Every structure is written in C-alpha cells, then in structure tokens.
Amino acid sequence: MSLDTAPEVALPKRDLTHTPRRVLVLGATSGIAEATTRIWAREGANLFLVGRNAQRVAAVAADLKTRGAAYVDTAVADLDDVDGHPELLAKAITSLGGLDVAYLAVGILGEQPKAEQEVNHALHILHTNLTVPVSLLTWLANFCVNQGRGTLAVLSSVAGERGRKSNYVYGSSKAGLTAFLAGLRNRIDREGVTVLTIKPGPVKTSMTTGMKGSEKFADPNKVAQQITAAVHKKKDVLYTPGIWAPIMFVIRSIPERVFKGLNL
C-alpha cells in the first residue's frame, strides 16, 4: 500500500448515528495526548493507541478502559520508521472499524545547543517533528478523502510562529508542519475533511519538566478540554491557552531589525 495513493481499507458498514466515535491516537503516551484521550474515554469513544514504549502504551490503555472507553486497541511502533506507516495505519483503522478522528501528538523537543553543534541531532528533530507527520498525514488525508469525512487533529506549536535563538530548530520543524497543515486544509476541506492545527504554548508535561518557569506552564487537562471542543466544532486552528493568539500576533509584528537583537 503506497503513501502516494488513496488507500483502500475494507470496513464493515455501520450506523453513523449510533456508533461511538472512532479515534486513532498517534503518540498516545505524550502528556497532552493522555489528557485528551481521557476525555474521549469518558464519552465512550473507540480508541486505537500508538506509542513506542510498550509498558506506557499498555498502562494508558488500561486507564482509558476504566474511564469508560467503549473499545481500546494498541500498537507499539517507532513512528520514525516511515516505511511502516501504511501497514500500521491500515491495521489501526481496520481494528476500529472506521475512522472519525486521527489525532497526531508526535514530536520531540530535542536539545537546541546540541542541534547547533551536531547536524544529525538537528536532522533528527526535523525528521520526527515534520517528516513523520507529513508521512502519516498524507496517507490519512487520502483515506479520509476517499470516505468523504473525518478530522485530522495535529499538535503543532506556537514555537513555529517565529524563529527564536532559544529553540529555532524545534520551532522550524513546527513552522514547517503548520504550513503543511494549512496547505493540506486548503486541498481537502472541500472534500469534507477537517484539518485542525493545534498550537499550544508551553504545557506541563514530561517533555517540559525542568524547563525554566515550568511551574507556570499550562495545565494539560485544560488544554485537552480545549482540544476536544475544537475537534467537536471542526475548527481550523486552535491556540491553547487562548492568550497565545494575541501574544503571537505581537511577536510576529516585531520588525526583524528589532527582533534579531532580542533574547528570546
């Protein structure tokens, strides 16, 4: 099954008015993804979780079952291996019996100082944060276009709004992802498929533990509530918390001759 063509997956017929929402979660053990899937579990959704750590995936799955998920299945996979994406995605959708929402919470922060000195580390950040989502989304977009519906909800970041010396490698990967999502939305929204770009500010998760000021970062549970609401409303873009929309407007508006002298 090629990433370049619209995939065909044999699925049973179902009653769309009574079947629980079918959600594929890629990067299911991330802090934001966990908080989001707990909400969907309480709503009785069918969930398919993908993560690279078998113990963590199993623990999340068990937790979601106790919270009310109608169905939970899992796969352990290293999503950096893009060649394995078609088989993995087809397996997940077959297990769910269809697809209503694909939720991508794939990404690494990396180490900016290391990326400045070691090009392989910079390329690893770009691969995981940009190449991997592009691979997954190309397949998923074609599948959703074929069925004429679906939502692709993807975690990008406010860090992609403007390059800053403190995290420009990570930020550039998210800028590329945001641009890709905008173009994908322009292509497939008219086909009945929603593309939601999620732009969180710093959130209290394992990825941000130890960062300066982390005690002031956003609560992942509140972020998750905003994400599920945005999915329900079929929004195009979500800044979360919402205060980041005006903040990033100001940051984007700073002239380059001034911005380049700032310590951000």
Side-chain angles (χ1 to χ4, degrees), residues 1-5 7 9 23-34 36-37 47-61 73-96 99 101-143 152-157 159-160 167-181 183-184 195 197-200 203 205-209:
M1 190 177 296
S2 170
L3 283 170
D4 300 323
T5 58
V9 179
V23 184
L24 168 60
V25 186
L26 297 149
T29 60
S30 77
I32 297 176
E34 276 195 68
T36 311
T37 52
L47 300 165
F48 192 100
L49 314 177
V50 180
R52 71 173 69 201
N53 184 299
Q55 290 184 327
R56 288 284 298 121
V57 171
V60 172
D73 196 3
T74 65
V76 177
D78 181 357
L79 293 174
D80 278 352
D81 176 18
V82 296
D83 291 337
H85 289 176
E87 181 179 356
L88 172 68
L89 296 173
K91 173 186 175 182
I93 293 172
T94 299
S95 176
L96 287 170
L99 182 68
V101 179
Y103 181 38
L104 275 70
V106 180
I108 58 172
L109 186 59
E111 302 175 39
Q112 176 64 33
K114 183 177 180 180
E116 292 170 10
Q117 302 300 322
E118 300 179 22
V119 67
N120 285 339
H121 185 61
L123 294 175
H124 176 53
I125 295 170
L126 292 167
H127 177 79
T128 300
N129 292 355
L130 179 56
T131 303
V132 167
V134 166
S135 171
L136 294 166
L137 288 163
T138 298
W139 196 100
L140 289 165
N142 291 336
F143 177 85
L152 306 176
V154 186
L155 284 179
S156 186
S157 173
N167 68 351
Y168 65 80
V169 177
Y170 172 80
S172 62
S173 69
K174 293 299 187 177
L177 178 57
T178 294
F180 179 85
L181 291 169
L184 184 65
V195 177
T197 303
I198 304 162
K199 298 182 179 183
V203 180
T205 66
S206 59
M207 190 169 77
T208 60
T209 299

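All figures in this text were calculated on a predicted structure; none of them were measured in a lab.
For the pair A61 and T74, the tightest heavy-atom approach, listed with the atom from each and the gap, is CB-CG2, 3.7 Å. Between L88 and A77 the shortest heavy-atom distance is CD2-CB, 4.1 Å. The two atoms that bring E34 and T29 nearest to each other are OE2-O, 3.5 Å, heavy atoms only. Nearest heavy atom pair, residue T128 against residue V106, reads O-CG1, 3.9 Å. Nearest heavy-atom pair, L140 versus L99, reported as atom, atom and distance to 0.1 Å: CD2-CD2, 4.0 Å. The minimum heavy-atom distance between L184 and A141, with the atom names listed, is CD1-CB, 3.7 Å.
To the nearest 0.5 Å, the span separating CG on N129 from CG on L155 amounts to 11.0 Å. In this structure, L47 CG and D73 CG are separated by 10.5 Å, a value rounded to the nearest 0.5 Å. In this structure, L24 CG and K91 NZ are separated by 12.0 Å, a value rounded to the nearest 0.5 Å. In this structure, CG in N120 is found 9.5 Å from NZ in K114, a value given to the nearest 0.5 Å. Atom OG1 of T131 is separated from atom CG of L79 by 13.0 Å, given to the nearest 0.5 angstrom. From H85, atom NE2 reaches atom CG of D80 across 7.5 Å, with rounding to the nearest 0.5 Å.
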Show, in sequence, the C-alpha distance, side-chain angles and deciding distance for I198 and I32, and conclude whether the side-chain contact (heavy atoms from CB on, under 4.5 Å) test is met. CA-CA 11 Å; I198 304 162; I32 297 176; over 6 Å; no

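When each of V132, L136, V134 is tested with V82 by the rule side-chain contact (heavy atoms from CB on, under 4.5 Å), just one qualifies, namely V132.
Here the side chains of L26 and L89 are in contact, with some heavy-atom distance below 4.5 Å. Between Q112 and Y168, the closest side-chain pair of non-hydrogen atoms falls below 4.5 Å. Side-chain contact between V25 and T36: absent, with no pair of heavy atoms (C-beta onward) separated by less than 4.5 Å. With contacts defined as side-chain heavy-atom distances shorter than 4.5 Å, the pair V195/L137 does not qualify.
Donor-acceptor pairing under 3.5 Å is recorded for the side chains of T178 and S156.
With H121 contributing its side chain and G110 its backbone, the two residues share no donor-acceptor pair below 3.5 Å. Under the 3.5 Å distance criterion, the side-chain polar atoms of N53 are matched with a main-chain donor or acceptor of R56.
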